[in-house]
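Only this structure's heavy atoms are used, side chains among them; waters, hydrogens and symmetry mates stay out. The structure displayed is predicted, hence computed values, not measured ones. Remember, it's 1-based here, ligands and their atoms both numbered in the order they're listed.
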Amino acid sequence: MGAPPRAGARAPDDPTDQQPSQIRHRPRGRDDGRCEEARADWPQTALAAREEARLDTVRARFTGPCFGVRDALATVEAALDGGDARSVVALGSIVHNPQAQERLAVRGLTVERDPARVAAGARLVVTAHGAPPAVFEEAARRGLEVVDTTCPLVRRVQEAAIAVRDSGRTLVVVGHGDHPEVRGVLGWAGCGHLVPTPEDAASVPEGRHLGVVVQSTFPGAHLPPILAALEARALSVEVHDTRCPVVTRRQRDGGHLVEEADVIVVVGGRSSANTRALAETCAARRPTYHVETPDEVRREWFSPGQRIGIASGTSTPDWLVDAVDQLCRSF
Ligand code: SF4
């Protein structure tokens, strides 16, 4: 008879004294083996499934505010921080983005669309969209200092419209009539026909030599049918493609983004023409959601493992794009 086991020691054939791997590999029935193997693989399988289910994001190459909006914001912020007691009043939104606009309001910026109602002594901000000459005249008449943040590319549209008028051609402005830029362009030219859709070409007299300028943020895809409708009733059409290259590039970039993503989230103000156009471009190829803030993003828009493309309009601040991106990754 051998020595009795010492206290606390296990008999050599006690399976619990062996390493887990040894226990797993001791002889067993077939079904047991499958269960054991499945259990051994479980952590890796679960991890892989979790990795596959995780949502990934990919950003458009160009996001955040364009140079025109950045410059306008910097100018207004300098006016607000300048230690000058005069109030700062903007003729409209500095950017078509409620969240960015709210931040400026907290710092003291107010908005008044009618310059005749701005209190004497205030500084009057003309937004990046520009304004008609009547606004500058009214400000001068009332002694208001004008802080002009008109984007140089919007000024280019105004100058093109004046050049068309001076050339003797009939001016046509392709753009949205409710947009401040278009009101400014028509104001500087002092004449012109507004044509937002192909149907509106009917308002342009027939048999004329036309000169066409285009709102800087007008969607490129909408332009050809309008030009075709104008050509059908004109002696000649001279087109000045004054669309903003920054916007055109973002729309093209949106076209690339849909190749890399399953679903698109476009971040930007709903009143922003270029953001709406970008969302429209993406929606033609992928399910697309246009949001202003992260709280509007819904988990149920996405399926496990999908890649979400994040794009933004030219007036969307970087911090909003970052917040939406982070939220999507956290789902
Ligand atoms: S979108 Fe283009 S035209 Fe408009 S403010 Fe920006 S740079 Fe200027």
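- With values rounded to the nearest 0.5 angstrom, T170 atom OG1 is found 11.0 Å from L230 atom CG.
- Using the six-membered ring where Trp is involved, Y289 and W301 have ring planes that are parallel, under 30° apart on the 30 and 60° scheme.
- Sorted by chain and number, the protein atoms of type N, O or S within less than 2.8 Å of atom 2 (Fe) of ligand 1 are C244 SG.
- For R156 and T242, the side-chain atoms include no donor-acceptor pair closer than 3.5 Å.
- E181 and S216 share a donor-acceptor pair across their side chains, judged by distance under 3.5 Å alone.
- A heavy-atom distance below 4.5 Å is found between the side chains of L80 and V76.
- For R233 (side chain) and A201 (main-chain N/O), a donor-acceptor pair under 3.5 Å exists by modelled atom type.
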